[in-house]
Colleague: 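This is the structure I have questions about; it appears just below.
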Amino acid sequence: MALDIGRTAFEREVRRAHVEGRPVPTVAIVGGGLSGLATAIQLVRSGVRSFTIVEQSDGVGGTWRDNVYPGAACDVPSHLYSFSFAPKTDWSRRFAEQPEILSYAEDLVDRFHLGPHLRLGTTVASARYDDEDGTWHLALRTADGAEQLVADTVVFACGQLNRPHVPDLDGLDGFAGPSWHSARWDHAVDLTGKDVAVIGSGASAIQFVPPVAEAAGTTKIFQRSPNYVGPKKDRPYRAATRRLLQRVGPLRAAYRWWIYWSLEVRWVSFRRDSWAGRKLQDLFATGIRNEVVCDRLPAEAVVPDFPIGCKRILISNDWYPAILRPDVTVVDTPVTRVEPDAVVTADGVRHHADVLIFGTGFATTDFLSHIPVTGQDGRRLADAWEEGAHAYLGSAVAGFPNCYILYGPNTNLGHNSILFMVERQLNLVLQALALQTRSLTGAAGVAVTVSDTAYERDDRHTQKAMSRTAWAGSCTSWYKDAAGRITNNWPTWTVRYWWDTLRIREADFDVSTDRPRSS
Ligand code: NAP
């Protein structure tokens, strides 16, 4: 099912270019998270070494480097959480914890000799397409000053969850104790015996609250909305199973596909008002009512009032036991302000706090807004996305030649592994790179750009399909922008995405070779 069409097409063009003495595109990859590394690996596997990975932090791993909070783990089964072309075969448990995933990312650097291509501690301040010579100019900032990186192609692999969102609460600056966001955990602070206030109760909070509650004196969770939280079928692999999966490739492949399909069928519950969705919702709600609701935690505090799937469905075995602890309180009155030693809620109650932790998610819907990106004829990405971010198959924007976005708009999922989507995006991107390489000579630059027509058509289809999903239901979520447009998620089966990205539709792209090349 993987069908490595993109990589083989690109590899063929790279070989041909070498034989004919023509150049191959140079590539700037922005971001050293899993999708940036995957891009680099596919370039290496295609025979290309002319690329640079620019990463602002001091190491690779992206979200798995940032999120080092206690309890951080993946909610996608491990054996589907590595790239098929760079598998990790020795996962220690069914749902890997953060250190194991980070070490997978770090290991990829060694396995594929990516070290010399890494520019760590380097921020991309802006990216500009030069119409004159058909190259991308990236303004880089490092501790030593500013410099420029010039490349034929740019791949933005910055993720959707990389900029922490901290609500602008009145009085927050005056809070006297330590305070941090879940993605910037301060391990230097000993929580033992402290009164800890946690704002937010989403995917990260359900993971870090149980260990926090274990250590703290008291824990108060300021919750805006409860979530559907189901059991996590997690456990370490037995030594024999682990060995078998490690050594028997076909067994591992079969297991991976079994995981893929068992997640994929869940899509039926993500269709708006579907029978399967309603049944699943009843199942969750009944379970919560039977096992969690009590005097301290009335139904309004724990049973969501929105359709299941509208926000991410969470899995945890220790969230409900944690909020049932006598030293843990769920406060569902809105927070109005922060005082030096307290969080104050709308009912006027002061909740004493020594430490304040935000599990309030990320700035998710404005995508590359932190990097001014300028395309053909001075077109600014911010203007192109004025009415909401979108990209052709989540990957390319009209007016921005040789520019690709991984884990871009409308590629996030609620039911399957995002690494699958990244692999499929790369299959498309490598075919576009093959088009670019085919026409690249020493004398002329090549601009491969998705056409305006294809770009708009793709968006219309995506948004039409979106209206039939659970995400379009009545809830707020990080998938929707301020205007209510769903900018983050893919609206249907991932098999459909596999099909749509399998073979590039050349008619959807303009390939122009009329740009002079300066070098
Ligand atoms: P999240 O799930 O969006 O949760 C944010 C929480 O903060 C929500 O409870 C939200 O309430 C609350 N909140 C936001 N702004 C607030 C405000 N102004 N006042 C009060 N509460 C506020 O964010 P996250 O926990 O950082 O997770 C984000 C995503 O990261 C997840 O959906 C998932 O895709 C990914 N993630 C994955 C894993 C994994 O296992 N693979 C683990 C952690 C995170 P509302 O719900 O009412 O908006």
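Counting starts at 1 for both ligands and their atoms, following the listed order. No experiment lies behind these values; they were computed from the predicted model shown.
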Colleague: Please state which part of P334 comes within less than 4.0 Å of ligand 1, counting heavy atoms only: side chain, backbone, both or neither.
Modeller: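 Within the 4.0 Å criterion, P334 makes no contact with ligand 1.
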
Colleague: Answer yes or no for Y479: is there a heavy-atom contact with ligand 1 below 4.0 Å?
Modeller: no

Colleague: What do you reckon, does S182 put a non-hydrogen atom under 4.0 Å from ligand 1?
Modeller: no

Colleague: Any nitrogen or oxygen of A203 lying under 3.5 Å from a nitrogen or oxygen in ligand 1? Just yes or no.
Modeller: yes

Colleague: Of the protein's non-hydrogen atoms, which lies at the shortest distance from atom 17 (C) of ligand 1, and what is that distance?
Modeller: R224 NH1, 3.4 Å

Colleague: Using the ring of each side chain (for Trp, its six-membered ring), is W490 parallel, tilted or perpendicular to Y497, with breaks at 30° and 60°?
Modeller: perpendicular

Colleague: Is T360 touching ligand 1 with its side chain, its backbone, both, or neither, if touching means heavy atoms under 4.0 Å apart?
Modeller: both

Colleague: Hey, is Q223 touching ligand 1 through its side chain, its backbone, both or neither, going by heavy atoms under 4.0 Å?
Modeller: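 It is neither part, as no heavy atom is under 4.0 Å.
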
Colleague: Would you confirm whether the ring centroid of F222 sits within less than 6.0 angstrom of the ring centroid of H351?
Modeller: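 Yes: the rings meet the under 6.0 Å criterion.
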
Colleague: Between D75 and R312, does any NZ, NE, NH1 or NH2 come within less than 4.0 Å of an OD or OE carboxylate oxygen?
Modeller: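 Counted as a salt bridge, because a side-chain N and a carboxylate O are separated by less than 4.0 Å.
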
Colleague: Does ligand 1 come near enough to K311 that some N or O of the ligand is less than 3.5 Å from an N or O of the residue?
Modeller: yes

Colleague: Which is it for F362 and ligand 1 at heavy atoms under 4.0 Å: side chain, backbone, both or neither?
Modeller: side chain

Colleague: What part of Y69, side chain, backbone, both or neither, has a heavy atom within less than 4.0 angstrom of ligand 1?
Modeller: side chain

Colleague: Might you point out which heavy atoms bring T63 and L161 nearest each other, and give the distance in Å?
Modeller: OG1-O, 4.1 Å

Colleague: When the ring centroid of Y404 is compared with that of F156, is the distance short of 6.0 Å?
Modeller: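 Aromatic pair excluded; centres sit 6.0 Å or further apart.
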
Colleague: For residues Y237 and W91, report the shortest heavy-atom separation together with the two atoms involved.
Modeller: CD1-O, 3.3 Å

